[in-house]
Amino acid sequence: MTAQVIVLYFAKSAELSGLKEEELVAVPTPISSEDLWGLLLQKHPRLVALQGQVVLAVHQQYVAIGDQLVTLADGDEVAVVPPLSGG
Amino acid sequence: MWSVTVFGVFIAQMSEDPREVIRLSRDWLSVQEVVDSVSSSSCGAISVFIGTTREDQVDGRKVVGLEYEAYESMVQSEFSKLCDDIRARWPSVTHVCVHHRLGWVKVGEASVVMAISSPHRHDGQLAIQHCISQLKATVPIWKKEVYDTQEASWKVNSECSWSPGPDETSSESQNLK
């Protein structure tokens, strides 16, 4: 199964990708967060600068980059989340 | 036959429903507004924290301001979890209000104002400390320092579990507010 998702880029990841958001089509689901991150790296190699210092947010839940599986549906938001610096 | 007489005293519900609000604003923040939104006749204490933009010197460059951005819909859901956590630890906490800047914040201006009301001060004082620590660890907001050289760098909170460690290299610097 595949899904079409909206990827949101924040802070440093937006600068590295040059985008605030984009549509990603035919994303396999379920997919590990590591593979999902891999797809984004393929599209925007400069994101590698965040390797080890980034998590994703799927359905507004943080997901560490690893073997955790996420299930995606059409229209879901996936956010690239660099280290937080609120407050 | 039982005859039960129940003496009851009807106590009017004077305390309001507990409130929790986080507001993101591009305008300067009003401490009074935040304080007013948590005040309650059942509370003897309002604990307040104000985070201000510091004129830091980094490698000979002076900070002139901060640029904030946020994943706004997720700010709400993470703040909700934060408040649940606060209420679980300190059940007497009554109202919680956080106002946080978005966009450009000049040195000297407040970037975050938070207030927590409680019947007595002990719980409120502990809760407000926890609130700012947890906000820095979990609420999806980011800031970029802008220097007088017109360079900029994204800050990282040491509270955030995916920030680089002190020995890992990051092209950005640690935030130690």
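What you see below is based on every heavy atom in this structure, not just the backbone, and it leaves out hydrogens, waters and symmetry mates. In what follows, chains carry the letters A, B, and so on, assigned in the order in which the sequence lines appear, proteins first and then strands, with residues in each chain numbered from 1.
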Requested in this report: Quick one: do B:His122 and B:Trp90 satisfy ring-ring contact (aromatic ring centres under 6.0 Å, His included)? Show the steps, please.
Outcome: CA-CA 10 Å; B:His122 187 249; B:Trp90 300 284; 9.0 Å; no
Query - B:Glu69 and B:Ile141: CA distance, side-chain angles, deciding distance, side chain to side chain contact (heavy atoms under 4.5 Å, CB included) verdict - result: CA-CA 6 Å; B:Glu69 71 179 68; B:Ile141 298 174; over 6 Å; no
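Using a 4.5 Å cut-off between non-hydrogen atoms, no part of residues 29-44 of chain A approaches chain B.
Of the residues considered (B:Ala137, B:Ser77, B:Pro140), B:Pro140 shows the highest number of contacts with chain A, using heavy-atom pairs under 4.5 Å.
No side-chain donor-acceptor contact under 3.5 Å links B:His99 to the backbone of B:Ile22. The closest donor-acceptor contact from the side chain of B:Asp123 to the backbone of B:Val93 lies at 3.5 Å or more, if one exists at all.
Under the side chain to side chain donor-acceptor pair (under 3.5 Å) rule, A:Tyr9 has a single partner from A:Lys20, A:Glu22, A:Glu21, which is A:Glu22.
Of the atoms belonging to B:Ser161, not a single heavy atom falls under 4.5 Å from chain A. Residue B:Glu67: no heavy atom, backbone or side chain, is found under 4.5 Å from chain A.
For the pair A:Val78 and A:Leu8, the minimum side-chain heavy-atom distance is 4.5 Å or more.
Taking the six-membered ring for Trp and thresholds of 30 and 60 degrees, B:Trp162 and A:Tyr62 have ring planes inclined between 30 and 60 degrees apart.
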